[in-house]
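Take a look at the structure below.
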Amino acid sequence: PIRGHRRELSPAYRDAVFVTSRNANNYGNRALETFSIKGYLSANAFDSTVSYIGDLRECTNASGFYGSCSQSVNVTSSRRLSIAYDDAVDRTVYAWVDQDRGNPSNDRDLRVAIGTYNSSYYNSLVTAPSSSLGKSDVSPGLACKEDQAGSGVYDCLIAYTRPDDPKNSIRLKGFLSWNIGTHWAPLPTSEYLFSSSGWHRTASPIALFYHSNKWWMAFKLALATGGGGVRLYSSTTGSTDSWTYETSVSYTSNGPTAISDWTGSNKLSWTK
């Protein structure tokens, strides 16, 4: 599961938890089975209220900028969803690795959608995603802070690994959130390696966050021999080869997650 605090929404829909369903679509047909993302909401930060909202859906046919959405499909992924808040446009950003076994050309697409519709789906309907970000083999890291990525050029960073890279090297892209006709969509930059010096690779989910005027990244280091541990790096710009090693926090993990409020306390967690 992954928790999202969607600041632009009303309190009744703001706090959400998203999980990958254990029940497959097209169950029994192994060539077409996919798994939807399910959502739960709370009106008081999960202190005592919980409501089930069903499938997270992506809009496929919007009418007017942030207008009605006449068609949508389930968000399907076998990897966890990533969520960030872009203060430049006051919208929640969603990123995931698409699962589409019926169409290999779409399978493992790295998808990003910016914003959530107020709809009959109880705020579980996200905007039409971008399909121009390439593909990923891991759950992406995602973080946003206005004008702080790429020396003030971009608002958001996304970290991932490419399926065609046998080394599982971590790569990044920066992007802005723009009004493109009917929805918010990211304008990605060229990708770059997390570090060209090597040994920065993972086969597990990546944690990316912005805190105390720095970008931070944590990942389980993938090595051919044994563990490798969870590594933590920071950068003031998020640019290539500008990352500084901070610490190793564990030697057994299935991939870290992070919680940050930009300033003050922040948390990095992992499971052994």
Side-chain angles (χ1 to χ4, degrees), residues 1-24 35-59 72 74-87 89-97 99 111-127 129 138-145 156 158 184 204-212 216-218 220 230 232 249-250 253-272:
I2 192 74
R3 181 173 175 176
H5 183 67
R6 305 179 297 175
R7 307 180 193 191
E8 76 274 20
L9 300 182
S10 63
Y13 306 117
R14 186 170 297 157
D15 288 294
V17 167
F18 296 99
V19 299
T20 301
S21 174
R22 58 187 272 177
N23 297 316
F35 295 87
S36 297
I37 303 293
K38 306 288 185 179
Y40 296 84
L41 295 177
S42 176
N44 60 4
F46 293 94
D47 182 40
S48 62
T49 68
V50 179
S51 58
Y52 174 59
I53 60 174
D55 298 316
L56 183 67
R57 300 179 67 84
E58 58 182 88
C59 183
S72 63
N74 287 357
V75 172
T76 56
S77 182
S78 60
R79 298 165 177 85
R80 80 178 181 213
L81 187 74
S82 297
I83 294 178
Y85 173 74
D86 188 351
D87 56 331
V89 294
D90 188 30
R91 291 290 185 270
T92 298
V93 184
Y94 303 79
W96 67 93
V97 179
Q99 184 183 41
R111 313 294 294 275
V112 172
I114 295 145
T116 312
Y117 283 98
N118 295 312
S119 69
S120 58
Y121 293 106
Y122 300 100
N123 298 89
S124 66
L125 180 64
V126 301
T127 54
V138 302
S139 177
L142 176 69
C144 300
K145 189 68 177 77
C156 299
I158 190 166
W184 296 101
S204 303
I206 301 170
L208 190 65
F209 57 103
Y210 187 85
H211 177 76
S212 296
W216 299 79
M217 184 190 300
K220 179 185 178 182
V230 173
L232 180 65
V249 294
S250 174
S253 169
N254 64 357
T257 61
I259 301 173
S260 177
D261 290 325
W262 289 340
T263 60
S265 62
N266 67 99
K267 297 178 181 179
L268 180 69
S269 64
W270 64 96
T271 57
K272 291 187 175 181

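The chain is numbered in sequence order, starting from 1.
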*Under the 3.5 angstrom rule, does the side chain of Arg6 hit a backbone N or O of Ala16 as a donor-acceptor pair?*
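No.
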
_Please check: side-chain N/O of Arg14 versus main-chain N/O of Leu9, any donor-acceptor pairing under 3.5 Å?_
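It does hold such a pair.
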
_Interatomic spacing from CG in Leu56 to OG in Ser21 - rounded to 0.5 Å_ =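 Taking CG in Leu56 and OG in Ser21, the distance rounds to 12.5 Å.
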
*asked:* For the CD1 atom of Ile37 and the CD atom of Gln99, what is their distance to the nearest 0.5 Å?
replied: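 That separation rounds to 9.0 Å.
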
*Would you mind checking if Arg3 and Asp15 are paired as a salt bridge, meaning a charged N to carboxylate O distance below 4.0 Å?*
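Salt bridge between Asp15 and Arg3, a charged N being under 4.0 Å from a carboxylate O: yes.
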
Side-chain heavy-atom pair [X], [Y] within 4.5 angstrom cut-off:
X      : Y      : result
Pro205 : Val138 : no
Glu8   : Thr116 : yes
Lys145 : Asp87  : yes
Phe46  : Val17  : yes

*What pairs with Glu58 under side chain to side chain donor-acceptor pair (under 3.5 Å), at least two apart in sequence or on another chain?*
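Once residues adjacent in sequence are excluded, the partners of Glu58 under the side chain to side chain donor-acceptor pair (under 3.5 Å) criterion are Arg111.
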
*Of all residues at least two apart in sequence or in a different chain, which pass the side chain to side chain donor-acceptor pair (under 3.5 Å) check with Thr20?*
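With sequence neighbours excluded, Thr20 shows a side chain to side chain donor-acceptor pair (under 3.5 Å) to no residue whatsoever.
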
With [X] via side chain to side chain contact (heavy atoms under 4.5 Å, CB included) - residues at least two apart:
X     : result
Ala43 : Thr49
Arg79 : Ser77, Val97, Arg108, Asp137, Ser139
Ala95 : Ser82, Val112, Pro140, Leu142, Ile158

Looking at [X] and [Y], what are the two nearest heavy atoms and their distance?
X      : Y      : result
Cys59  : Leu125 : N-CD1, 3.9 Å
Ile53  : Tyr40  : CG1-N, 4.0 Å
Gly4   : Ile83  : CA-CD1, 3.8 Å
Ala143 : Phe209 : CB-CA, 3.6 Å

*asked:* Test of understanding: with ring-ring contact (aromatic ring centres under 6.0 Å, His included), list the residues that count as partners of Phe35, not counting sequence neighbours.
replied: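 With neighbours one apart ignored, the set is empty.
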
_Audit row: Phe18, Val75, side-chain contact (heavy atoms from CB on, under 4.5 Å) steps and yes/no_ = CA-CA 11 Å; Phe18 296 99; Val75 172; over 6 Å; no

*Walk me through it: do Ile114 and Asp86 pass the test side-chain contact (heavy atoms from CB on, under 4.5 Å)?*
CA-CA 9 Å; Ile114 295 145; Asp86 188 351; 5.6 Å; no

*Please assess Lys38 against Asp55 for the test side-chain contact (heavy atoms from CB on, under 4.5 Å), listing each intermediate value before the final yes or no.*
CA-CA 5 Å; Lys38 306 288 185 179; Asp55 298 316; 2.5 Å; yes

